[in-house]
Structures are given as structure tokens and as C-alpha cells.
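So you know, we letter chains A, B, ... as the sequences are listed, proteins then strands, and number each from 1.
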There are 2 protein chains.
Amino acid sequence: MTESRTAPARFPVTVDVVALTVADDALNVLLVTRLLEPFRGQLALPGGFVLPGEDLAAAAARELAEETGVEHVPGHLEQLGSYGPRGRDPRGDVLTVAHLLLAPNFPVLSAGSDAELAAWYPVSHFLDGELQLAFDHERILADAVERAKSKIEYSPLGAVFCAEEFTVAQLRAVYEAVWGTRLDPRNFHRKATGTPGFLEDTGRTTAGDAGRPAALFRLAPAARPAAGQPTRAVLNPPLMRPPS
Amino acid sequence: MTESRTAPARFPVTVDVVALTVADDALNVLLVTRLLEPFRGQLALPGGFVLPGEDLAAAAARELAEETGVEHVPGHLEQLGSYGPRGRDPRGDVLTVAHLLLAPNFPVLSAGSDAELAAWYPVSHFLDGELQLAFDHERILADAVERAKSKIEYSPLGAVFCAEEFTVAQLRAVYEAVWGTRLDPRNFHRKATGTPGFLEDTGRTTAGDAGRPAALFRLAPAARPAAGQPTRAVLNPPLMRPPS
DNA sequence: CGATTAATTGTCAAGGTGACGATAAGTGTT
DNA sequence: AACACTTATCGTCACCTTGACAATTAATCG
């Protein structure tokens, strides 16, 4: 670290959160409608300024809670990367540390915050340029989706998109939504249930749906996201995504 | 992004660089000896404050050039992650954006900077706790090494540790040093030369060493790190590192 | 020139993957 | 109750990759 004799420059620092979930067989992202300038009326990632004495992950969790009206947001939160500080906010240089949340489809209180309306939107609209986002949030979203795609390949985190207990078919639907591909149910079943340390059979099954009841699984203890732990890769060899 | 009516907090922002190279069959990191408080006399990662109007990558490259005395530092630079702002600098909250440089073993002008002495050190001393680093740089170094280990698995970036042209054995030595394992020369040769889009035969060979001359390769055009491009993964399936 | 060293090419069994057939076990229909 | 229908799960098989290791090639060394 080089010292400087003059006082170091200071930057406004924000955290933004790309919260992803799977709903209706599609990857969705949590967005807020901006009620203030700049980009008033446009959609943006939830986020806000880091407060003095606050760490990055804490700030991300706080903003998420504030803007969704959900006290304890479920899922897996990790840092994505930093952007800026130049040329991303018309008001001036702002550094933002983007975060990624992979979560089950929890409901947001759109009537919650007084500043913004939060809701889930399919990511496809924004990745193909059909709809626009405020700031440089389209780029951040693209990076986040790419990270999510590769993350579920070698980590057990695909399961955090599901409820506590889930069927192999539900897990497969997650992979299909995130990767945007179809997977062979039989081969996926073999791989998912055959990977040691990934899934744990609860012994119970679904009921009421059409077709044969499906066994219910949960994440194996070794694969469960422990606070602070980097969620060891247990999918080795990884669940390979078919070549696009 | 949530607005706040009051002016947002501002933080000092630094960039730190974990520059890794392979020398003497070991992974080495570029460190500077601090000549000023805090942590005076201790080893630290090169880095410094981001200047107004400067982007993160530019700041990292500038600090690297300043502290090594090398105008155009070779290798592949990418962002690693952000740390802080709390509890990492005794002078107060400082946010740092760590970067990772994977580079061939270039010489540093230790007589260069007037503020610090830069030199290469084997990473093993710091990962096993034998030697200490200033600030939270041990943690950053550990994260960087982990990133490097996985990066060379599925990307062609192992080659950036080598010179422009290199032999398969030299590339294998890189993998062995970074992963800390031994690899079978025959299987490694098959995989490295057999992966489409990875290596390109120059047609020339080494001479003068003991043993049969080795063919000289360079990175294939498709695998070469283009400025701005995220260096597409071409190792598919990846070069698998043996289970530790 | 033979011994040594290192690079490169082969061989082979074991295990993983993709494609796809066959069963199993429910629900809905007649 | 028998049937069609749907979804889950198990099985099969050819192909490919990997890890272990033998054999060959082509230099240097003494």
C-alpha cells in the first residue's frame, strides 16, 4: 500500500444486489422502480449507500431487507464484484459493490418501502435488450446471471432456489431455467442422486399430483451453506451444462 | 438504489494487487516492505488509494507499475473481490478492491520506488502462517491463490505464467506449482495438446537441454487474453486437479 | 559409444455421459 | 374396475475421458 502525503480521495460507496430466483420455469430478478432522479421511473437493482461502520455483506442484506419488506431474506448471498467508480452515475463517481443472491421464490411486499416498488421480473427481458435498466445495471445483471450459471455447475447451490425439501424434477427445473436448456430427466436424476454429498433422501414423497409420486430430498449437510463458509464444491465432476 | 436525504457517507478506497508468478517450481507473490506506519517494516501487498477520476483496473495497473518500477506489467489482471471497510486498517474504515495478476516471472526493480521495496516471495510462507502480512492481506492472498487454482482448471490462463513460447513441461510445472501436486507428464501432455483451442504448435523446438528436445507452443489465438474480453473458457472438460 | 535424461506416443481398464427403452406408481376417465 | 395418461425411477449400451503405466524417440553426458 502506497502512502500519500495528502488526504486520500473518498468515494461514495453503494451496494447493489442481484437477487435471482426461479419462477414459472424462468430465471427472475428482483428489481425496484425508481421514484427519484436520476433514472426516475426506470427499473433498477435494489441497493443503496453503505453506512459508516457497516460491512459490505451487512449493507447488502440490509438494503435487501429494506426494499423487499422481508426481515430475513432467504437464500445464498455472495459478493459479485465491484464496478466503477467512473461513468456509472450521472451525479458523479460512485463505486458499487454488486452482490448476488440465489433464493427461493419468496414474496416481496411491493407495498413495503416508501421509496421504491420491488417485484420479480424475468431476466430475459433485460438480457436481450428488450427492456432497459438504470445505471450500469444491465451489465451487472449479465455478470450475475453468468456467475449463477457457472455456480450451479460445480456447487450444490442450485438447491437454494428450491424450498427446504424438493424433488429431483424441481431441481432439474431450476437448472433448465438458469441454463436455458432442457435436460434429460433420467440422466439428471442419475447424476443428482448419484453425486455423493449432494442430496439427502427425506424418505417422504410428494402426493396429489399427476404421475408417480416423487421422492423428497433436501440438501445434504455437507452441502448446506454454512454462514461464512464458501460452500465447498461437492459436484466433482460438475453437472455439465450442454454446449450452447 | 435507495436514496438518502443526507449526503452519502464516503470511504477511502484502495486497490491491492495479488501478483502471482511461478519461480523455482513454487508459486510466488509480489510483496512490498512497508516503510511507513502502520505495519511499518512488515510485508504487504502492493496497492494504494484510488485517485479521483480513475477506474479500478486502471488504479491497480498504476500501483503495480509504480511499485515495481515496470512500466507495462505483463500478465492477466482481473478483479478478485472487495474487502471491508470495517476492521482492516487501524487508521479507520478503508474499502479495498483486491485484484489478481497472473504473470510470467518478470524482474522487479527493488530499487525503484522510494516508498517501498518490492520482491517476490513464495506464497507457502504466508499460507501456513509461518510469516505474517500487514492488514488483512493474508486472507486476500489466500483467496487469490484459491482463485488462481481454480482459474487454471477451466481457463487457458495457466499459460500466462509462462513466456510467450513454452514447452508442455513448462506448462505442467506451472500447474504443479499452483496446485501443489505432481501430474503425470504423459497424461498432461495428452490433455494439453489434445484440447482444441488451447495450444498452438510453433513448429520449433528447444535445444541444449538434456533429454529429447521439446516442441515449443504458444497460446492459441482463441485462448489469448484479449483486452476487455473475459477470456472464454476453452478447457472443456477442464483440466481436473487431483483430489487433495 | 553406451548410459542417462526428458519428450512423446501408445495401450488398456475403469468410470462417467448422452441417448433412449422399460417399469413403476400414482391420477383421471369411462 | 379397467383403461388411458402422466411423471418418476431404473436399466442398457455405445462412446469418450481419465489414470496408470509400457514403449519409443531424440537429445546430452561421461
Chemist: Quick one: ring-ring contact (aromatic ring centres under 6.0 Å, His included) pairs with a partner in residues 183-213 of chain A, sequence neighbours left out?
Modeler: Tyr175(A)-Phe188(A)
Chemist: Relative to the 5' end of DNA chain D, which residue comes earlier, Arg190(A) or Pro242(B), by the nucleotide with the nearest heavy atom?
Modeler: Arg190(A)
Chemist: Has Gln170(B) got a side-chain atom pairing as donor or acceptor with Thr167(B)'s backbone, closer than 3.5 angstrom?
Modeler: yes
Chemist: Rounded to the nearest 0.5 Å, how far apart are CZ of Arg172(A) and CG of Leu239(A)?
Modeler: 12.0 Å
Chemist: Check step by step if side-chain contact (heavy atoms from CB on, under 4.5 Å) holds for Asn105(B) and Val22(B).
Modeler: CA-CA 6 Å; Asn105(B) 185 11; Val22(B) 173; over 6 Å; no
Chemist: Should Glu146(B) and Arg241(B) be marked as a salt bridge (Lys or Arg N to Asp or Glu O under 4.0 Å) after you check the CA-CA gap, both sets of side-chain angles, and the distance that decides it?
Modeler: CA-CA 12 Å; Glu146(B) 193 50 46; Arg241(B) 84 176 111 158; 3.7 Å; yes
Chemist: Taking any atom under 4.0 angstrom from a heavy atom of chain A, which nucleotides of DNA chain D are the first and last to qualify, 5' to 3'?
Modeler: dT6(D) to dT12(D)
Chemist: Do side-chain atoms of Trp120(B) reach the backbone of Thr21(B) as a donor and acceptor pair under 3.5 angstrom?
Modeler: no
Chemist: Below 4.0 Å from chain B heavy atoms, what is the first contacting nucleotide of DNA chain C and what is the last?
Modeler: dT5(C) to dT11(C)
Chemist: Below 4.0 angstrom, N of the basic side chain to O of the carboxylate: do Glu66(B) and Arg62(B) qualify?
Modeler: yes
Chemist: Are side-chain N/O atoms of Thr96(B) and Asp16(B) paired as donor and acceptor at under 3.5 Å?
Modeler: yes
Chemist: Could you grab the distance from atom CZ of Phe217(B) to atom CD of Glu200(B), nearest 0.5 Å is fine?
Modeler: 10.5 Å
Chemist: Report all side-chain donor-acceptor pairs from residues 122-132 of chain B shorter than 3.5 Å, counting only partners two or more places apart or in another chain.
Modeler:
from: His125(B); atom 1: ND1; to: Glu130(B); atom 2: OE1; distance (Å): 3.4
from: Asp128(B); atom 1: OD1; to: Glu130(B); atom 2: N; distance (Å): 3.0

Chemist: Quick check on contacts: within residues 162-189 of chain B, what sits under 4.0 Å from DNA chain D by heavy-atom distance?
Modeler: Asp184(B), Arg186(B), Asn187(B)
Chemist: Under a 4.0 Å heavy-atom cut-off, which of residues 200-216 of chain A touch DNA chain D?
Modeler: Ala210(A), Gly211(A), Arg212(A), Pro213(A), Ala214(A), Ala215(A)
Chemist: Is the backbone of Ala214(A) close enough, under 3.5 Å, to the side chain of Thr206(A) for a donor and an acceptor to pair up by distance?
Modeler: yes
Chemist: One thing to verify: whether Arg147(A) and Glu153(A) come together as a salt bridge, which I'm taking to mean a side-chain N less than 4.0 angstrom from a carboxylate O.
Modeler: no
